[in-house]
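Some notes on the structure that comes next.
All values derive from a computational prediction rather than experimental measurement. Proteins come first, then strands; the chains are lettered A, B, ... in the order of their sequence lines, and each starts at number 1.
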Number of protein chains: 2
Amino acid sequence: MRINTVFEAISHPVRRQILTLLKAGPMSAGELAGHFDLTKPTLSVHFNKLRDAELVAVERRGTSLIYHLNMSILEEALSGLLGKKDQTP
Amino acid sequence: MRINTVFEAISHPVRRQILTLLKAGPMSAGELAGHFDLTKPTLSVHFNKLRDAELVAVERRGTSLIYHLNMSILEEALSGLLGKKDQTP
DNA sequence: ACTCTAATTAGATGAATATCTAAATATTGA
DNA sequence: TCAATATTTAGATATTCATCTAATTAGAGT
């Protein structure tokens, strides 16, 4: 886990909102995009950053890409900062 | 608490390292700066961002400025993201 | 008041980020 | 194979960020 990539990823409000939406369950790229006043290409860039951080996983279903939350990465990163030992690179 | 300011603040590895150093106890600006290969003005900018996020508090002692960790802000912000309810602005 | 030390603010610069429009890719179904 | 749908990649631009050097502020001691 690249801890720095994770913290970079969650530094943007739109990306945190994406994670929050995915807590309710997996969702397609288009459905997620519908929750924002941003173009799909812009959202796609945000998805990529979340995927690079392994905060989400993606699965293709037909023409749609379904995004899933990977909660454990989030927990690991945040508990690292909250806990005693240093995990900052 | 401006949640976005908090997540912005902890997105940079140097600032996370500062927080980690302060877990051991309060420390002066100069002492903190000694832990990094960066100039003092650069560190000063990082301190300001942590202070804006209220992640640290500052107290003057003579010519020194002593930084203290404010752990509760960190806990609030991170548990907001980990928990069920959305706190993203 | 002067000087020393500690730290900050100001100003400049190069790199990174977020966003858009336009074009490309992938999958499905007629 | 052609067309439609879903999504991404490419390229451009404006803004923000991290960093440096130089100058400034604040306090303590002589």
Side-chain angles (χ1 to χ4, degrees), chain A residues 2-22 25-70 77 88-89, chain B residues 2-22 25-70 77 88-89:
Chain A
R2 300 279 38 249
I3 192 127
N4 204 39
T5 308
V6 175
F7 278 103
E8 271 291 314
I10 64 175
S11 71
H12 196 287
V14 165
R15 292 191 291 264
R16 289 199 304 281
Q17 180 76 39
I18 290 169
L19 295 179
T20 298
L21 287 166
L22 291 178
M27 216 180 283
S28 74
E31 195 174 354
L32 282 167
H35 286 81
F36 299 91
D37 263 355
L38 295 169
T39 65
K40 286 182 177 190
T42 295
L43 265 295
S44 198
V45 171
H46 288 305
F47 297 153
N48 275 339
K49 288 184 194 253
L50 290 171
R51 199 152 49 97
D52 286 350
E54 296 176 89
L55 286 164
V56 303
V58 65
E59 163 215 2
R60 180 176 281 281
R61 198 174 309 169
T63 60
S64 291
L65 293 179
I66 312 294
Y67 284 93
H68 302 253
L69 179 60
N70 183 355
T88 304
Chain B
R2 297 286 32 253
I3 193 123
N4 204 41
T5 309
V6 175
F7 278 103
E8 270 291 313
I10 64 176
S11 72
H12 196 286
V14 165
R15 292 192 291 265
R16 288 198 304 280
Q17 181 76 39
I18 291 168
L19 295 180
T20 298
L21 287 166
L22 290 178
M27 215 179 284
S28 74
E31 195 174 354
L32 282 166
H35 286 82
F36 299 92
D37 263 354
L38 295 168
T39 65
K40 286 182 177 190
T42 296
L43 265 294
S44 198
V45 172
H46 288 305
F47 297 152
N48 274 340
K49 288 183 195 252
L50 290 171
R51 200 153 49 97
D52 286 351
E54 296 175 90
L55 285 164
V56 301
V58 65
E59 162 215 2
R60 179 176 281 282
R61 199 174 309 168
T63 62
S64 292
L65 292 179
I66 311 295
Y67 284 93
H68 302 253
L69 179 59
N70 183 355
T88 305

- [ ] Show your reasoning for whether side chain to side chain contact (heavy atoms under 4.5 Å, CB included) applies to M27(B) and H35(B).
- [x] CA-CA 11 Å; M27(B) 215 179 284; H35(B) 286 82; 4.2 Å; yes
Task: T39(A): side-chain hydrogen bond (donor to acceptor under 3.5 Å, both in side chains) partners, not counting sequence neighbours - done: T42(A)
TODO: State the CG-CZ distance between L32(A) and F47(A), to the nearest 0.5 angstrom.
DONE: 4.5 Å
Task: Separation of Q17(B) CD from L21(B) CG (nearest 0.5 Å) - done: 5.0 Å
Open item on the list: Please check: side-chain N/O of R15(A) versus main-chain N/O of E8(A), any donor-acceptor pairing under 3.5 Å?
Closed with: yes
Which atom of [X] lies closest to which atom of [Y], heavy atoms considered:
X: A77(B); Y: V6(B); result: CB-CG1, 3.6 Å
X: N4(B); Y: S11(A); result: OD1-O, 4.0 Å
X: L22(B); Y: H68(B); result: CD1-C, 4.2 Å

Open item on the list: According to salt bridge (charged side-chain N to carboxylate O under 4.0 Å, His left out), who are the partners of R60(A), at least two apart in sequence or on a separate chain?
Closed with: none
Pair up each side-chain donor or acceptor in residues 51-58 of chain B with any protein partner under 3.5 Å, not counting sequence neighbours, and list the distances.
from: R51(B); atom 1: NH2; to: N48(B); atom 2: OD1; distance (Å): 3.0

Open item on the list: Using a 4.0 Å cut-off on heavy atoms, which residues in residues 58-70 of chain A reach DNA chain C? List them by number, or say none.
Closed with: R60(A), G62(A), T63(A)
TODO: Heavy atoms under 4.0 Å is the rule here; annotate nucleotides 18-23 of chain C 5' to 3' with B where the base is hit, S where only the sugar-phosphate is, and - elsewhere.
DONE: SBBBB-
Task: First and last nucleotide of DNA chain D, 5' to 3', lying under 4.0 Å from heavy atoms of chain B - done: dC17(D) to dA28(D)
